[in-house]
There are 2 protein chains.
Amino acid sequence: MELNAPGFRPLYRQVQELFRQRIADGTWRPGQALPAEPRLAAELNVSQGTVRKALDELAAQSILVRHQGRGTFVAEHTEETAMFRFFRLAADDGSRLLPTSRVLSCAVERAAPRAQDRLGLGQGDAVVAIRRLRLLADRPAIYEFIAAPAELFPGLAELGDDLPNTLYDLYQRRWGVTIGRAVERLKAVPAPLAEAEALGAGPGDPLLEIDRVAQDLEGRAVEWRVSHCRCDTLHYESVLE
Amino acid sequence: MELNAPGFRPLYRQVQELFRQRIADGTWRPGQALPAEPRLAAELNVSQGTVRKALDELAAQSILVRHQGRGTFVAEHTEETAMFRFFRLAADDGSRLLPTSRVLSCAVERAAPRAQDRLGLGQGDAVVAIRRLRLLADRPAIYEFIAAPAELFPGLAELGDDLPNTLYDLYQRRWGVTIGRAVERLKAVPAPLAEAEALGAGPGDPLLEIDRVAQDLEGRAVEWRVSHCRCDTLHYESVLE
DNA sequence: GAGTGGTCTAGACCACAAT
DNA sequence: TTGTGGTCTAGACCACTCC
C-alpha cells in the first residue's frame, strides 16, 4: 500500500479511506477492536497523529466508537443505538418509547416502479416486501411498508412472524450490511384505506408519511421504507444545527 | 484570565468557551476576522495546536468559518446559509426554491400560554406576533405564525410590510441575536379554517405542521414559529446520520 | 503494571490569498 | 513577498481499563 505517493489527497483522508474499506469488506467486523494507534501508525508508516485524525473523524460519523483505556471498536447497531439515530418519533410529552411490531405480511415480490427508483433496481428485480403495524404504548401508531433488495438479504422473507422488532441490527449481524445514513421525506397525506383501517383512523384523516431510503456505509441504497403515522399523541422531532 | 488553573476541563474546551463568550458579548462580531492562530496562542499562553482544536470545533458547529490563506471569521447569516441550514422544505423534484412572503399581520400581543411555554416567558410578557403567507413558485404553500419576545427585538413589530423575507439574518444584523440551533416538531393535522382559506385548501385537508423553537448561541429560546404547509408538491427533508 | 485513548506541546512544511 | 490556515510529525504526560 503506497500511502506516501505524491498526495493528491491529505494523508489522513487516505488512511481514513483505507480504514473504511477494511470495515466494508469485513476485515474489521462490527464490535471488534481495531489495532492500537501506534500499531496502525507503524503499519502504514505515518505518524500517530495522522492515524488519530482519521479515527476521530470516523468516530464522529458513528462508524467507530472509542473508549479511553479500552480501545477503538467498529460500531455495532443495537436496538438502543438504532432507536436513537434512526427513529425520530416521540410522544408529545417528550418520552421516547420503542415501538412493538405486528407483522402483517412478508414476502418476495417484483419491485414496483417506485421501489425500483428508490433502490436503484432494474425492471425484473425482486424485493422482500414487509408490511407491519407498530404499536406505541399498546396503541396502533404506525403502518410500515418496507422493501429491500431480495438479493442482498437472502432468507429475510422466510422469517415471517419471527421478524425481530428492529431490523438494522439484524441486517448487520446476519448479512453484514451496516446502515450508516438515511434520507427521509415527510409529507402530510390523507389516510389510504388499508392504513386507516389498520390504525383505527378514518379514511382521509391526516397521517404523517415518512418515505425513507437507508444507505449502507458506502452510500448504496439498501432499504426503502414508507411509514404512515397517527399524530394524535406523537410527533416527529428534527434538530437543525 | 487564568487558563492554567488546575484543569477540571480540557484546556481546549476552556479556550473554546472563552471564544464563545467573545462572540456572544460582541467582542467579535459576525463577519469579522479573528486574530490569527499564533496571536491567540501567545495571548492565552497555550500552544497553537490547542487554539486550533478549539477553533476547528467551533467551525464544525457553524459558529466560525475558516478560509485557508484568508483567516477565521465569525459566521454570518445570509439568505443562502439560513436557507440551507434552517429551511428543510423542498419541491418533490428535489429543487430548493427560496419562498417569497406576504405579511398578513404584525403586532405586539400578550403571549398566549403555548407561546409562554415555548419561549420560557411569564404571564404578562409581550411578543411580536407575525402571520404571513409564503409562496413557492408563486403558489401559496406555507402559512406561518411567528412569536418572538418583544423585549428582545424592539422595533420589530413596526416593520409591518417592510419585513424582509428571511428573518434570521435581520435578527443578527439589527439586534445581535444569532440563531445557532432550532428544534422542530412535525405533525400531520387537518387544516384549520384560516390556514385552509389562505392556502387555497379545503378545511380539514391534511397539512404538515412544523412547530419550531429557535435558540441563540447560548441556547436561549428566542423565537417560536408554527408553519402549516401544503404537501401536494412539497416535502420536508430530514437526513439521519 | 501494562496498554489504551485523551490532551498538550513544538516545530516543520505546504497551499492559498492578498499585496 | 508575507501572512493565513491545512497538514504532518515527534514526543511528553495524563486518565482510564484490565489483568
Side-chain angles (χ1 to χ4, degrees), chain A residues 1-20 22-23 28 30-76, chain B residues 1-20 22-23 28 30-76:
Chain A
M1 188 65 189
E2 273 301 322
L3 279 172
N4 288 321
F8 59 110
R9 276 190 308 179
L11 196 46
Y12 74 90
R13 291 254 179 230
Q14 300 176 44
V15 172
Q16 198 183 74
E17 194 46 46
L18 175 63
F19 293 169
R20 216 182 258 282
R22 290 189 179 176
I23 295 168
W28 293 336
Q32 187 183 332
L34 270 58
E37 290 179 5
R39 293 183 63 91
L40 290 170
E43 181 205 340
L44 304 175
N45 279 306
V46 301
S47 79
Q48 187 175 345
T50 298
V51 169
R52 169 174 293 276
K53 185 148 185 175
L55 294 177
D56 280 345
E57 286 199 5
L58 291 171
Q61 295 164 49
S62 299
I63 292 175
L64 297 178
V65 182
R66 317 194 75 185
H67 295 290
Q68 190 175 34
R70 290 180 46 208
T72 301
F73 304 80
V74 180
E76 207 172 5
Chain B
M1 190 63 190
E2 272 301 321
L3 279 174
N4 288 322
F8 58 111
R9 278 190 304 178
L11 195 47
Y12 74 89
R13 291 255 180 229
Q14 300 176 45
V15 172
Q16 198 183 71
E17 194 46 46
L18 174 64
F19 292 169
R20 216 183 259 283
R22 288 190 180 174
I23 294 167
W28 293 336
Q32 187 183 333
L34 270 59
E37 290 180 4
R39 294 182 64 91
L40 290 169
E43 180 205 343
L44 304 174
N45 278 306
V46 300
S47 79
Q48 186 175 346
T50 299
V51 168
R52 170 174 292 275
K53 186 150 184 174
L55 294 176
D56 280 344
E57 286 199 5
L58 291 169
Q61 296 164 48
S62 299
I63 292 175
L64 297 178
V65 182
R66 317 194 74 185
H67 295 289
Q68 189 175 39
R70 289 180 48 209
T72 301
F73 304 81
V74 181
E76 207 171 5

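The basis for the numbers below is simple: all heavy atoms, side chains too, and nothing from hydrogens, waters or symmetry mates. Labels below follow one simple rule: chain letters A, B, ... track the order of the sequence lines, proteins then strands, and each chain is numbered from 1.
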Quiz item: B/Arg70 side-chain donor-acceptor pair to D/dG5 base, under 3.5 Å: no

Hey, are B/Gln61 and B/Arg20 close enough side-chain-wise for a donor-acceptor pair under 3.5 Å? yes

Salt-bridge test for A/Arg22 and A/Glu43: reply yes if a basic N is under 4.0 Å from a carboxylate O, no otherwise. yes

If you find the nucleotide of DNA chain D closest to B/Gln68 and the one closest to A/Gly69, which residue's nucleotide is nearer the 5' end? B/Gln68

Of the candidate nucleotides D/dT9, D/dG5, C/dG5, which contains the atom at the shortest distance from the side chain of B/Arg66? D/dG5

Between B/Gly31 and B/Glu76, what is the shortest heavy-atom contact and its length? CA-OE1, 3.5 Å

Starting at CZ of A/Arg13 and ending at C1' of D/dG6, how long is that distance when rounded to a whole Å? 11 Å

To the nearest angstrom, how far is B/Leu55 atom CG from D/dG6 atom P? 9 Å

Would you call A/Glu37 and A/Lys53 a salt bridge, using N to O less than 4.0 angstrom? no

At under 4.0 Å, does any side-chain N or O of B/Lys53 touch on OP1 or OP2 of C/dC8? no

Given C/dG5, C/dT9, C/dA15, identify the nucleotide with an atom nearest to the side chain of B/Thr50. C/dT9

With the side chain of B/Leu11 defined as its heavy atoms from C-beta on, choose the nearest nucleotide among C/dA15, D/dC8, C/dC8. C/dC8

Take the protein atom CG of B/Leu40 and the nucleotide atom C1' of D/dG3, then report the distance between them rounded to whole Å. 14 Å

Interatomic distance where CZ belongs to B/Phe73 and C1' belongs to C/dA18 [whole Å]: 11 Å

Distance, rounded to the nearest Å, where A/His67 contributes NE2 and D/dC16 contributes C1': 12 Å

Using the side-chain heavy atoms of B/Ser47, tell me which of these nucleotides is nearest: D/dC8, D/dG5, C/dA10. C/dA10

Whole-Å gap separating P (D/dT4) and CG (B/Leu34): 12 Å

A/Asn45 CG to D/dA10 P, straight-line distance once rounded to whole Å: 10 Å

Could you work out which one of D/dG6, C/dG5, D/dT7 sits closest to the side chain of A/Tyr12? D/dT7

Could you state the CZ-P distance from A/Arg9 to D/dC8, rounded to the nearest angstrom? 12 Å

Closest non-hydrogen atom pair, B/Val15 against B/Ala54: CG1-CB, 3.9 Å

